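Report on the following structure.
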Amino acid sequence: MSEYRAVKGTKDIFPDEITSWKYIEGVIHRVVGLYGFQEIRTPVFEYTDLFQRSIGSTTDIVGKEMFSFRPEPDGRSVTLRPEMTAGVMRAFLQANLFSASPVHKLYYIAELFRKERPQAGRQRQFSQFGAEMLGASSPEAVAEVIDMMMQVFTSLGVSGLRLRMNTLGDFDDRVRYREALRAYLEPHSGLLDGPSRERLEKNPLRILDSKNPDIQSVIADAPKLHDFLNPSAKEEFDQVLLYLDQKSIEYVIDPFLVRGLDYYCHTAFEVVSPELGAQDAIGGGGRYDGLARELGSKSDIPAVGFAVGMERLLITMEKQGLLRHIVPSGPRVYIVLQDEGLKTHALSAGDLLRRSGIRTEMDLCGRSMKAQMREANRQHADYALFVGKSEVESQVYGLKNLRTSEQDFLSIREVIARLASSTKHVDVPDGGLD
RNA sequence: GUGAUUGUAGCUCAGUUGGUUAGAGCGCCAGGUUGUGGCCCUGGAGGUCGGGGGUUCGAGUCCCCUCAUUCACCCCA
């Protein structure tokens, strides 16, 4: 084995897997386009304080999971983006997009970085597909965003997902609830573990989604956020649920669902996959009306968004057998060469075919005909084109259909005429570039 | 950061209470068929047994250290 290996928590994606990625990406581009979302690409790194400000400095992501460095010894610290929302919002504000038009629908498929211990469904470099609706966060907008996310899953054939819904209320609701929760938990603080006790001070809501059974039993009787919601927040949430009902989107209400990033408010949601291990959240999101102002905007900008873990999606699809039928398409023609002396003929035949748009492969290392045929098979070529002495003399070549084993003798021009008419393009994802 | 798990051929894995030359299947290469693939048959290549140290006449096997992997906590998509 080589002395060098990929950095912990990173992995290589080889051609066979790329086919699956392209397929999934193609479906995403297509579905999201149906909803009028447009792609945005932002830099992989941003100034560190952008993330501190937006995600929240008490979160683990900011506290201990960021890859940060200083390009200049005494310059500003920058960080490999651990999520996309902050960067998208920054770009949006920087370009003054909100004065160009009131609502912007943006999406991305992007690489993210978090310094966590790798585990099933968790890497240090991973990729998320996500969307941000900026300028609207009405119940309709929230429902549309959730609908779009679920539509991507159904278009991919993914089944068995569970959508969990909750509302976090507005800022004041949460302040009041936080105090009530703290008051309830404080007498039980002996039962809490170290990290939870710390959170009791800084961010008690986060204790709610602890997996520790002891803590869960304490939480069971804790005050519920629902009882602290102001009437309009409640009404808005009910509206969202109503729209989901109308769209026949199934969900369960989970009063303990809290998001890990501080900028969320009101509706929060999460989708869990039955095929994943402990890291079973395949997607999640919510409203974040306060983020724009947090990042220096003079006015509030209503916003909703979500993110889906691409690797987790891939694992889920793999386990559900949804990727089995996706095979890379082979070349149209594999040129089989009788002996090396005819190399130039084979090469020029190959040039002609390729220039006519026919995907053509040939042996580049002087292998036997048998080996060349095996290679043609391995690559799932449709045809073998034989270049031998008699062909070169007569200018008529054997073209063998490798599925049916039928063989015809044709001039190169005839070969092109036959194959170019039925050229197939399988590996271009639909909805790609058009 | 914490706890556990597993490291033997390109891949998936056997390898007995420590014993002589470390195996299988798949894959790869070649031949059987010197101008035609898939199936079949035959042969071949490929291993510092993760690395280092120790115990022993003898270590893939036992002990220690180390590196890596995987899973879980945590966190999150």
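Basis for what follows: all heavy atoms, side chains included, without hydrogens, waters or symmetry-related copies. Just so it is clear: chains get the letters A, B, ... in the order the sequence lines come, proteins before strands, and each one is counted from 1. All figures in this text were calculated on a predicted structure; none of them were measured in a lab.
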For the residue pair [X] and [Y], is the inter-centroid distance of their aromatic rings smaller than 6.0 Å?
{"X": "A/H104", "Y": "A/F92", "answer": "yes"}
{"X": "A/F228", "Y": "A/Y177", "answer": "yes"}
{"X": "A/Y288", "Y": "A/H266", "answer": "no"}

Can you sort out which residues in [range] have a heavy atom within less than 4.0 Å of RNA chain B? Ascending by number, please.
{"range": "residues 37-53 of chain A", "answer": "none"}
{"range": "residues 270-281 of chain A", "answer": "A/G277, A/A278, A/Q279, A/A281"}
{"range": "residues 104-134 of chain A", "answer": "A/R114, A/E116, A/R117, A/Q119, A/A120, A/G121, A/R122, A/F126, A/Q128"}

Is it the case that the side chains of [Y] and [X] hold a donor-acceptor pair, with the cut-off being a distance below 3.5 Å and no angle test?
{"X": "A/D280", "Y": "A/S273", "value": "no"}
{"X": "A/E111", "Y": "A/Q125", "value": "yes"}
{"X": "A/T10", "Y": "A/Q123", "value": "no"}
{"X": "A/Q395", "Y": "A/E391", "value": "no"}

For RNA chain B, please output the secondary structure as dot-bracket, reading 5' to 3'. Pairs are Watson-Crick or G-U wobble, both atom distances under 3.5 Å; mark crossing pairs with [ ], other-strand partners with |, unpaired with a dot. ((((.((..((((.....[...)))).(((((.......))))).....(((((..]....))))))).))))....

So do A/L244 and A/M165 actually touch side chain to side chain, heavy atoms under 4.5 Å? yes

Are A/Q338 and A/F386 packed together at the side-chain level, in the sense that at least one heavy-atom pair is separated by less than 4.5 angstrom? no

Can you tell me how far [atom1] in [N] sits from the matching atom in [M], rounded to whole Å?
{"N": "B/G50", "M": "B/U8", "atom1": "P", "result": "6 Å"}
{"N": "B/A24", "M": "B/U55", "atom1": "P", "result": "35 Å"}
{"N": "B/A14", "M": "B/G53", "atom1": "P", "result": "28 Å"}

From [atom1] of [X] over to [atom2] of [N], roughly how many Å is that when rounded to an integer?
{"X": "A/N377", "N": "B/G37", "atom1": "CG", "atom2": "C1'", "value": "4 Å"}
{"X": "A/D339", "N": "B/U36", "atom1": "CG", "atom2": "P", "value": "13 Å"}
{"X": "A/K400", "N": "B/G35", "atom1": "NZ", "atom2": "C1'", "value": "11 Å"}

With a 4.0 Å cut-off on heavy atoms, is [X] in touch with a base, just the backbone sugar-phosphate, or nothing at all?
{"X": "A/K370", "value": "base"}
{"X": "A/Q407", "value": "base"}
{"X": "A/A307", "value": "sugar-phosphate"}
{"X": "A/L402", "value": "base"}
{"X": "A/E391", "value": "base"}

Show every ring-ring contact (aromatic ring centres under 6.0 Å, His included) that has at least one partner inside residues 113-139 of chain A, sequence neighbours left out. A/F129-A/F306

Looking at [Y] and [X], is any side-chain nitrogen of the basic one under 4.0 Å from a carboxylate oxygen of the acidic one?
{"X": "A/R164", "Y": "A/E270", "result": "yes"}
{"X": "A/K105", "Y": "A/E144", "result": "yes"}
{"X": "A/K64", "Y": "A/D60", "result": "yes"}

Are any of A/R206's side-chain N or O atoms less than 4.0 Å away from OP1 or OP2 of B/C76? yes

Quick one: do A/R41 and A/E39 satisfy salt bridge (Lys or Arg N to Asp or Glu O under 4.0 Å)? Show the steps, please. CA-CA 7 Å; A/R41 301 187 188 188; A/E39 185 170 0; 3.0 Å; yes

Both A/G9 and A/F409 contact RNA chain B. Which one's nearest nucleotide lies toward the 5' end? A/F409

Residue A/R182 excluded, over 12 heavy atoms near CZ under 6.0 Å: yes

Polar atom pairs between nucleotides 26-28 of chain B and protein, under 3.5 Å, N or O only, would you list them?
unit_1 : atom_1 : unit_2 : atom_2 : d
B/C28  : OP1    : A/R378 : NH1    : 2.3

Checking B/A30, B/A68, B/G38 against the side chain of A/S405 (C-beta onward), the nearest is B/G38

